[in-house]
Amino acid sequence: MEKRVRLRFAPSPTGGLHMGGVRTALFSYLYAKKHGGDFVLRIEDTDQTRFVPGAEQYIIDSLKWCGIEPNEGVGFGDGPYAPYRQSERKEQGIYKKYADQLIAGGHAYYAFDTPEELDEMRKRLEAAKVVAPQYNAVTRQNMRNSLTLPEDEVKKLIESGVPHVVRLKVPRNEEIRFHDIIRGWVTVNSSQVDDKVLLKSDGMPTYHLAHIVDDIEMKITHAVRGEEWLPSAPSHILIYRYLGLEDQMPQLAHLPLILKPDGNGKLSKRDKSGLPMFPLNWHDPRDQTDYVGYKESGFMPEAFINMLALLGWNPGDNREIMSKQELIDSFSFERVNKSGAKFDPEKTKWFNQQYLRMQSDEQLADAVTPLLEAKGIKKDRAFVIEFCRLIKEKAHFVNEFYDLGPFFFVAPTSYDEKVIAKKWNESSKELFTKLAAKFEGLAVWDTHSLHDAFQEAQTEIGKLDMQLLRVLTTGAAGGPQLFDLLALLGKEETISRLKSALSKL
RNA sequence: GGCCCGUUCGUCUAGGGGUUAGGACACGUCCCUUUCACGGAUGAAACACGGGUUCGAUUCCCGUACGGGCUACCA
């Protein structure tokens, strides 16, 4: 029988969850759902010095907004493997147990070197022109650890409470080969791998030990993470192997990085491409910086995750706009790209535009009404719905509706100068005064009657420029369907605007 | 520097020993439209370079270049 598919998203609460992390969560979620498995949220809070209050809740809120909800884990209900915070799991002695097993098997050792001593070692090695200074099979022989110190002294040091760490004993020269679902086989020589710290001097495990222990204990079948983890994967293979768990280790999938839109390099939270890097507004308590979120920028979560899914993955056909269910049905790690993808703000906006157009005018009105009210604008619902119908084709975001058509709500005070300069002439004033009179005589005020009246006026009084009528009534050179707009504005308002414009020009 | 990973239009990508190298975003042109858009059509635009292997390489192999990642008692 196949093992139940279980994937976890395991962020550390050291700050806001940025979009790269969201994508990692998304891919894991899609795969889990596709195979009817579990998606788990585990909090990797083993670094007490970098703990940021609020970060954990932010991660939970972000996943909820995106619709990437774990069915197990912190904030989503404990499952059979609780607790899901590593700091709490540490209290159960779980990591130490595995570390002790490695020590007993001769694959890990105690090291008593102080930070100063380690620093000294690196400087010494650099001075000796060693290309890659590291704590390894060669250099550990000159350091203070349970491999170099007499057994009774090691015992004495530990008993007297001298701070120490536990390090992985990496062999000097051995090929380490592992398989990645996205990248295929990767081979690294152990001489390039350092003796990673497994247990820190404060008793906390490092990521390297903790994630392995938890993935095993939580029966994780696929470990998905960013490409930046690829270089440490060989260490992890060794840990599984020395623990005798190589046959139970999850399959690895290292995702390509999301790159900056301009230039090169990894997308950072401070990127200034004009689009947010975080799903929700994030206030960083460490430096009192505020970062805007996709949500607050007017993005719909469906558009956001659709865009994210297509960054480094594709369904193998030309589909781009895909619902969450379609993403789930089509997803596979085999179709994830190996190379990094530059984040494209323009395309990202386009995704939101597509989803915007799928919304009904009523739904859009629901979203726009509070934004209008915030500006002190109160209109009846029918007006707002019609406003949405007319303006939506020009917009990428709900929150730009107002700016695309302020003339729906306020009469113009200035008139597009380019259009006036080009089209306004001596006869214009008289022609449009006559048109205003014609409009005034209309018994029915709707799109059709306005259209007909405009046509009739031309045969009666002469050629009228429609864009001029637009500028006179809205002030702007462009906008939605003019007669629809004037119909919505109403007879009184339209004529008042026309007269006002004629008096100024 | 060392190690690892990568490289198809400006960007996201499909494809893969023999193709007019396909799609999308953005851009240009045209059509529709007395306004503004949407829409439709269309155009320009790519296999990093050099060696192999092969009848034939963009595709497979090796180098080079370029890009990225990692190089902590951080994840």
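Because the structure is a prediction, the values reported are computed rather than measured. Chain letters run A, B, ... following the sequence lines, proteins first and then strands; every chain starts at 1.
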Heavy-atom contacts, protein to nucleotides 68-75 of chain B, under 4.0 Å, summarised as B (base), S (sugar-phosphate only) or - (none) per nt, yield SBS--BBB
Per-nucleotide protein contact string for nucleotides 36-46 of chain B, where B marks a base within reach and S marks sugar-phosphate only (heavy atoms under 4.0 Å, - for neither):
BBSS-------
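In this structure, the nucleotide among B/rA24, B/rG2, B/rG6 sitting nearest to the side chain of A/K338 is B/rG6.
Across all strands shown, B/rG18 forms a Watson-Crick or G-U wobble pair, both distances under 3.5 Å, with B/rC55. In this structure, B/rA46 makes no Watson-Crick or G-U wobble pair, since no nucleotide meets both defining distances under 3.5 angstrom. Across all strands shown, B/rG1 pairs with B/rU71; the Watson-Crick or G-U wobble distances both stay below 3.5 Å. Pairing partner, B/rA41: B/rU29, with both Watson-Crick or wobble hydrogen-bond distances short of 3.5 Å. Look at B/rG6: its Watson-Crick or wobble partner, with both distances under 3.5 angstrom, is B/rC66.
To the nearest 0.5 Å, atoms NZ (A/K438) and NZ (A/K434) are separated by 12.0 Å.
Between the base of B/rA24 and the side chain of A/K347 there is a donor-acceptor pair shorter than 3.5 Å.
Counting non-hydrogen atoms under 4.0 angstrom, A/R335 reaches the backbone sugars and phosphates but no base. Note on A/V193: nothing from the nucleic acid sits closer than 4.0 angstrom, heavy atoms only. Residue contacts for A/L464: at a heavy-atom cut-off of 4.0 Å it reaches a base atom on one of the strands shown. Within 4.0 Å (heavy atoms only), A/G226 reaches no atom of the nucleic acid at all. Nucleic acid contact class of A/F351 (heavy atoms, under 4.0 Å, all strands): none.
When the side-chain nitrogen and oxygen atoms of A/N314 are compared with OP1 and OP2 of B/rU13, none of them lie within a distance under 4.0 Å. The side chain of A/N318 places no N or O atom within less than 4.0 Å of a non-bridging phosphate oxygen (OP1 or OP2) of B/rA14.
Between A/F27 and A/F331, the ring planes lie tilted relative to each other; the angle falls in the 30° to 60° range. Between A/H236 and A/Y207, the two ring planes are perpendicular [angle over 60°; tilted spans 30° to 60°]. The aromatic rings of A/F333 and A/H222 sit parallel to each other, their planes meeting at less than 30°, with 60° as the upper class boundary.
Here A/D202 does not pair with A/K200 in a salt bridge; the nearest charged N to carboxylate O distance is not below 4.0 Å. Looking at A/R8 and A/D214, no side-chain N of the basic residue comes within less than 4.0 Å of a carboxylate O on the acidic one, giving no salt bridge. We find that A/D215 and A/R42 are joined by a salt bridge, their nearest charged nitrogen and carboxylate oxygen being less than 4.0 Å apart.
Heavy atoms of other residues, nucleotides or ligands lying less than 6.0 angstrom from CD of A/E430 number 12 at most.
Using modelled atom types, one finds no donor on one side chain facing an acceptor on the other under 3.5 Å when comparing A/N173 with A/S191.
Taking for each of A/Q455 and A/D344 the nucleotide of RNA chain B with the nearest heavy atom, the 5'-most of the two is the partner of A/D344.
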